[in-house]
Enquirer: 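Got a structure here, written out as structure tokens. Questions coming.
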Amino acid sequence: MIKKTLEKKLQKIWAECGFPFPTISLELPKNTLYGDYATNIAFSLTKDWRMSPQHAAEKLCDAISTHPEFANSVVFNVQNGFINLRLSDAFLWEQKNQATAFPETTDSTLLEYVSANPTGPLHIGHGRWAVLGSTLFNLLSYVGMPVKSEFYINDAGNQIVKFYNSVDAARKKEPIPEDGYHGAYIHDLAASAKDPLQANLDHHKETLFKLGITFDIWFSEKTLHDSGEVVSTIEQLKKAGMTYEKEGALWFSTVQFGDDKDRVLIKADGALTYFAVDIAYHQEKIKRGFSRLINIWGADHHGYVNRVRAGVAALCGKHFLSEAHFHFIIGQLVSLMRGGEPVRMSKRTGDMITLDEVIDEIGSDATRFFLVNKGPDTHIEFDLELAKTKSAENPVYYIQYAHARLSGILKKITQKTDAPLANWELNPTERQLLLHCVQMPDVLWEAAQHLVPHRVAHYAFQMARYIHLFYETCPIAQADPKDQEKRLLILVTAQKTLAEALTILGISAPTEM
RNA sequence: GCGCUCGUAGCUCAGUUGGAUAGAGCAACGGACUUCUAAUCCGUAGGUCGUAAGUUCGAAUCUUACCGGGCGCACCA
């Protein structure tokens, strides 16, 4: 990781020179003319040092610019108070061959996502959480964080009863209860002898598999009831004095843990609330040894975040109030349009487009890219007609084409590897591409730290841009042997790097298109 | 009404702990295929970063108020 390494080096050397800074953080200048990295440290010194940022930066730069540690690797210059760093070509070549060692993480993470009710088919919103979750999972795994993925199956409770009643009614050719499920799929389920819940679940698995998604753990809610976990969780809360009775119900005072009001655990009719089950579930996760929980939820459940967090904090320790140990990613909903008209997505109407249909229409790669390319906080408006007619212009093809083009060259030209590189000087296009390649570990590490999978998509797109430019302006077949050798090495690196990014995104890297 | 969230180019969206002249794609316009794949590249045009204050060397980013969209506010799941 270049950036981290440079930050540490700078900090160390400045400390030796008598400038102890707690941390140095490098940023990527917007304008690449300034350099590859920059630091604004001088701006924070103006008061103490009683000098202008420019002056302070020059002083700091003097201390390091001739340091042997940076000889042949970094060129410094000061502009507008910023200290700019430019990496040498030799350094870039060296980095290309360096294996990345990501810092070790002690936390063991459980990533729960999708967790759709098995009472109906998955819709595009589920697709979004699914793609976000699986990309995040790939990302965390890639940077060496221990992580397991889990799908929580809501196979108990009221909705399940209503669901079974609906299918039963359909089987008996009776009208479906008012408060039941009225989708057309209910009749399909009724026509089959299979258990309808299991049938839905199998269908979920198939749909997710089409997107290349599998889960480490499928966790059944029913097992929490059967094992007595829910009851014992409530007992535990009672003993801790965190519950009280009011109007015939048992309440949990979650307010003291940041919730805006207290919540019912056992209703006046003696039934458990979903909340009671859910905190038992989350406690169970921690009992299984996970020290960090990440949940991806739809925005329609965001009002639920605080009470679950409060519950977990009460049972398992206040550190779960912190995002570092219990993180929620709230995915905004996806509005599905067809020809400018909104498509309703309710499971109860029957008038819905399923995730399955979307994947069949535009393909897994495009579906994944479209859903992961945007931050989870944005509201996506997705027009199916538009997606179909413009599928050839989808950025995912731009990226895949970049990979295919490189493959095309490799098919025609075989690479000679062993000879030492005769010409390692980089022209701007070559340099841009190689630099971007060796920066991947930094990008992935930071994306993993901030839990922002969409940054991987942007990285891949940027990579494709540089590859196309390289392809257009740096011929290989007709280049002289020195350039050819050098460019082939860059090409192989770029192709491998892009393929890795695509793997994390769960998108195929075709060798021809 | 309260809470969460979003508002950046005509459209869809990036913009990293606050940094240098605000960034892409699509759409529009003009160029580049006798070449390793033109699903590409180059160029032009496009902006009161919702509005108004505040914080400071410096704000799209932080604070407050308002405007507008989405979603939540159950002894449903």
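Naming convention: chains lettered A, B, ... in sequence-line order (proteins, then strands); numbering from 1 in each chain.
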Enquirer: Of the listed nucleotides (C36(B), G72(B), C13(B)), which one gets closest to any side-chain atom of D300(A)?
Expert: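 Selected nucleotide: G72(B).
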
Enquirer: With rounding to whole Å, what would you report as the distance between C2(B) and U51(B) at their C1' atoms?
Expert: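 The same atom, C1', in both gives a distance of 23 Å.
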
Enquirer: Compare the aromatic ring of H301(A) with the six-membered base ring of A77(B) and state whether they stack according to the 5.5 Å and 30° rule.
Expert: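 Yes.
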
Enquirer: For a quick check of understanding: with a heavy-atom distance under 4.0 Å over all strands, which category does Q462(A) fall into, base, sugar-phosphate or nothing?
Expert: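 Nothing: the residue Q462(A), judged by heavy atoms under 4.0 Å, touches no strand.
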
Enquirer: For C4(B) versus G43(B), give the span between their P atoms, rounded off to a whole number of Å.
Expert: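 To the nearest whole Å, 45 Å.
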
Enquirer: Under a cut-off of 3.5 Å for both distances of each Watson-Crick or G-U pair, what dot-bracket string does RNA chain B give, using [ ] for crossing pairs and | for inter-strand pairs?
Expert: (((((((..((((.....[...)))).(((((.......))))).....(((((..]....))))))))))))....

Enquirer: At under 4.0 Å between heavy atoms, what does I476(A) touch on the DNA or RNA strands: base, sugar-phosphate, or nothing?
Expert: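 Result for I476(A) = base.
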
Enquirer: Closest-nucleotide mapping onto RNA chain B: is Y401(A) or Q79(A) further toward the 5' terminus? I mean the 5' end.
Expert: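 Result: Q79(A).
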
Enquirer: Under the criterion ring pair (Phe, Tyr, Trp, His ring centres under 6.0 Å), which of F219(A), F275(A), Y274(A) is the partner of Y281(A)?
Expert: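 By the ring pair (Phe, Tyr, Trp, His ring centres under 6.0 Å) criterion, Y281(A) pairs with just one of F219(A), F275(A), Y274(A): F219(A).
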
Enquirer: At under 4.0 Å between heavy atoms, what does A404(A) touch on the DNA or RNA strands: base, sugar-phosphate, or nothing?
Expert: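 Here A404(A) touches the bases of the nucleic acid.
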
Enquirer: With the criterion set at under 5.5 Å between ring centres and under 30 degrees between planes, would G72(B) be stacked on Y304(A)?
Expert: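 No; centroid distance or tilt outside limits.
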
Enquirer: Identify whether any heavy atom of E512(A) sits under 4.0 Å from a base atom; if not, whether one sits that close to sugar-phosphate; answer base, sugar-phosphate or nothing.
Expert: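 Touches a base.
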
Enquirer: When you get a sec, tell me which of U37(B), U40(B), G25(B) is the closest nucleotide to the side chain of F461(A)?
Expert: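 Output: G25(B).
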
Enquirer: Rounded to whole Å, please give me the gap between CG in L406(A) and C1' in U40(B).
Expert: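 It is 12 Å, rounded to the nearest whole Å.
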
Enquirer: What integer distance in Å separates K374(A):NZ from C6(B):P?
Expert: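 For the pair K374(A) NZ and C6(B) P, the rounded distance is 17 Å.
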
Enquirer: Mark yes or no for whether D36(A), through its side chain, and L87(A), through its backbone, hold a donor-acceptor pair below 3.5 Å.
Expert: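 Between the backbone of L87(A) and the side chain of D36(A) there is a qualifying donor-acceptor contact (under 3.5 Å).
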
Enquirer: Rounded to whole Å, please give me the gap between CD in E7(A) and P in U17(B).
Expert: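 Answer to the nearest Å: 12 Å.
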
Enquirer: Considering only A24(B), C76(B), A74(B), which nucleotide approaches the side chain of N158(A) most closely?
Expert: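 That would be C76(B).
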
Enquirer: Can you pull out the residues from residues 29-43 of chain A that lie within a 4.0 Å heavy-atom distance of RNA chain B?
Expert: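 Within residues 29-43 of chain A, the residues near RNA chain B are K30(A), N31(A), Y34(A), A38(A), N40(A), F43(A).
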
Enquirer: The side chain of H450(A) lies closest to which of these nucleotides: U37(B), C76(B), U17(B)?
Expert: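 The closest nucleotide is U17(B).
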
Enquirer: Please check if the distance between the ring centroids of Y459(A) and H436(A) is under 6.0 Å.
Expert: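 Ring centroids of Y459(A) and H436(A) are less than 6.0 Å from each other.
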
Enquirer: Of all the choices, G72(B), C13(B), C42(B), which nucleotide is nearest to the side chain of H302(A) once you look at every atom?
Expert: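 Minimum distance to the H302(A) side chain belongs to G72(B).
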
Enquirer: Has Q256(A) got more than 12 heavy atoms of other residues, nucleotides or ligands less than 6.0 Å from its CD?
Expert: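 Counting other residues, nucleotides and ligands, CD of Q256(A) exceeds 12 neighbours.
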
Enquirer: For R307(A) and for T46(A), find the nucleotide of RNA chain B with the closest heavy atom, then tell me which residue's nucleotide is more 5'.
Expert: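 Comparing both residues, the 5'-ward one is T46(A).
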
Enquirer: Looking only at atom P, what distance separates U12(B) and U5(B), rounded to whole Å?
Expert: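 Rounded to whole Å, the distance is 22 Å.
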
Enquirer: Side chain of S25(A), heavy atoms from C-beta onward: which of A77(B), U40(B), U17(B) has the nearest atom to it?
Expert: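 Side chain of S25(A) sits closest to U17(B).
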
Enquirer: Measure CD1/I409(A) against C1'/U35(B) and give the value in whole Å, please.
Expert: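 Distance check: I409(A) CD1 to U35(B) C1' gives 12 Å.
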
Enquirer: Heavy atoms only, 4.0 Å cut-off, all strands: where does A156(A) land among base, sugar-phosphate and nothing?
Expert: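 Sugar-phosphate only.
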
Enquirer: Give the rounded distance in Å between these two atoms: CD1 of I413(A) and P of U35(B).
Expert: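 After rounding, the reported distance stands at 16 Å.
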
Enquirer: Between U16(B), C36(B), U40(B), which nucleotide has the shortest distance from any of its atoms to the side chain of H468(A)?
Expert: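 Taking heavy atoms from C-beta onward, the closest nucleotide is U40(B).
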
Enquirer: Without hydrogens or angle criteria, can the side chains of Q400(A) and S508(A) be said to hold a donor-acceptor pair below 3.5 Å?
Expert: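 Short answer, yes.
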
Enquirer: Verify the contact: side-chain N or O of T378(A) to OP1 or OP2 of A14(B), cut-off strictly under 4.0 Å; return yes or no.
Expert: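 It does, given that an N or O in the side chain of T378(A) lies less than 4.0 Å from OP1 or OP2 of A14(B).
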
Enquirer: With a 4.0 Å cut-off on heavy atoms, is K411(A) in touch with a base, just the backbone sugar-phosphate, or nothing at all?
Expert: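 No contact at all - K411(A) keeps every heavy atom at 4.0 Å or more from the nucleic acid.
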
Enquirer: Report the C-alpha separation of E235(A) and K238(A) in whole Å, then their side-chain angles, then the decisive distance to 0.1 Å, and conclude whether the salt bridge (charged side-chain N to carboxylate O under 4.0 Å, His left out) test is met.
Expert: CA-CA 5 Å; E235(A) 286 306 316; K238(A) 273 188 189 167; 3.7 Å; yes

Enquirer: What integer number of Å spans the P atoms of A45(B) and G7(B)?
Expert: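 The same atom, P, in both gives a distance of 28 Å.
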
Enquirer: Between H203(A) and Y185(A), does the ring centroid distance fall short of 6.0 Å?
Expert: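 No, ring centres 6.0 Å or more apart.
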
Enquirer: Students often get this wrong, so: under 4.0 angstrom with heavy atoms, is A249(A) touching a base, only sugar-phosphate, or nothing?
Expert: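 It contacts base atoms.
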
Enquirer: If we take the C1' atom in both U44(B) and G3(B), what is their distance in whole Å?
Expert: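 Taking atom C1' in both U44(B) and G3(B), they lie 47 Å apart.
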
Enquirer: Regarding G375(A), tell me which of base, sugar-phosphate or nothing describes its non-hydrogen contacts under 4.0 Å with the strands shown.
Expert: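 Touches sugar-phosphate only.
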
Enquirer: With a 6.0 Å cut-off (strictly less than), is the heavy-atom count around NZ of K267(A), excluding the residue itself, greater than 12?
Expert: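 For K267(A), atom NZ is crowded (more than 12 foreign heavy atoms under 6.0 Å).
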
Enquirer: Evaluate whether atom NE2 of H458(A) has more than 12 neighbouring non-hydrogen atoms of other residues, nucleotides or ligands under 6.0 angstrom away.
Expert: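 It does: H458(A) NE2 has more than 12 such atoms within range.
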
Enquirer: Answer with base, sugar-phosphate or nothing: what part of the nucleic acid does I380(A) contact at a heavy-atom distance below 4.0 Å?
Expert: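 Sugar-phosphate only.
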
Enquirer: Can you say whether a donor on the side chain of N84(A) sits under 3.5 Å from an acceptor on the base of A20(B), or the other way round?
Expert: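 Yes.
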
Enquirer: Expressed as a whole number of Å, how far does the C1' atom of A14(B) sit from that of C57(B)?
Expert: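 Each nucleotide's C1' atom is 28 Å from the other's.
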
Enquirer: I'd like to know if Q332(A) reaches the base of C71(B) with its side chain such that a donor and an acceptor end up less than 3.5 angstrom apart.
Expert: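 Check fails, no donor-acceptor contact within cut-off.
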
Enquirer: Without decimals, in angstroms, what is the distance between E446(A) CD and U16(B) C1'?
Expert: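 From E446(A) CD to U16(B) C1': 6 Å.
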
Enquirer: Which one, G69(B), U37(B), A14(B), comes nearest to the side chain of H379(A)?
Expert: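 Between G69(B), U37(B), A14(B), the one nearest the side chain of H379(A) would be G69(B).
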
Enquirer: Check every atom of G19(B), C6(B), A38(B) against the side chain of D377(A) and return the nucleotide holding the closest atom.
Expert: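 Looking only at heavy atoms from C-beta outward on D377(A), the closest nucleotide is C6(B).
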
Enquirer: Give me the distance, rounded to whole Å, that separates C13(B) from U55(B) when you measure between the C1' atoms they each carry.
Expert: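 Nearest-Å result for C13(B) against U55(B) at atom C1': 30 Å.
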
Enquirer: Counting the atoms with a prime plus P, OP1 and OP2 as sugar-phosphate, which does R455(A) contact under 4.0 Å by heavy atoms, base, sugar-phosphate, or nothing?
Expert: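 Here R455(A) touches the bases of the nucleic acid.
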
Enquirer: Ring centres under 6.0 Å, that's the criterion: do W218(A) and F151(A) meet it?
Expert: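 W218(A) vs F151(A): aromatic centres under 6.0 Å.
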
Enquirer: Check the angle between the aromatic planes of F102(A) and W445(A) and answer parallel, tilted or perpendicular using the 30° and 60° thresholds.
Expert: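 Rings of F102(A) and W445(A): parallel, as their planes differ by under 30°.
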
Enquirer: Can you list everything that forms a side-chain hydrogen bond (donor to acceptor under 3.5 Å, both in side chains) with Q495(A)? Sequence neighbours excluded, please.
Expert: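 Scan of Q495(A) (side-chain hydrogen bond (donor to acceptor under 3.5 Å, both in side chains), adjacent residues dropped) gives S407(A).
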
Enquirer: Just checking F82(A) against Y34(A), ring centres under 6.0 Å apart?
Expert: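 No, ring centres 6.0 Å or more apart.
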
Enquirer: Would you say K267(A) places a side-chain N or O within less than 4.0 Å of OP1 or OP2 belonging to C76(B)?
Expert: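 So the side chain of K267(A) is within the cut-off, an N or O lying under 4.0 Å from OP1 or OP2 of C76(B).
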
Enquirer: Give me the distance, rounded to whole Å, that separates C49(B) from C62(B) when you measure between the P atoms they each carry.
Expert: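 Rounded to whole Å, the distance is 16 Å.
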
Enquirer: Are F326(A) and F328(A), when compared by the centres of their aromatic rings, separated by less than 6.0 Å?
Expert: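 Ring centres of F328(A) and F326(A) closer than 6.0 Å.
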
Enquirer: Side chain of K47(A) only, please: which of C41(B), U16(B), C57(B) is the nearest?
Expert: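 Looking only at heavy atoms from C-beta outward on K47(A), the closest nucleotide is C57(B).
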
Enquirer: Let me know the distance between NE2 of H454(A) and C1' of U16(B), rounded to the nearest Å.
Expert: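 Rounding to the nearest Å, NE2 of H454(A) and C1' of U16(B) are 10 Å apart.
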
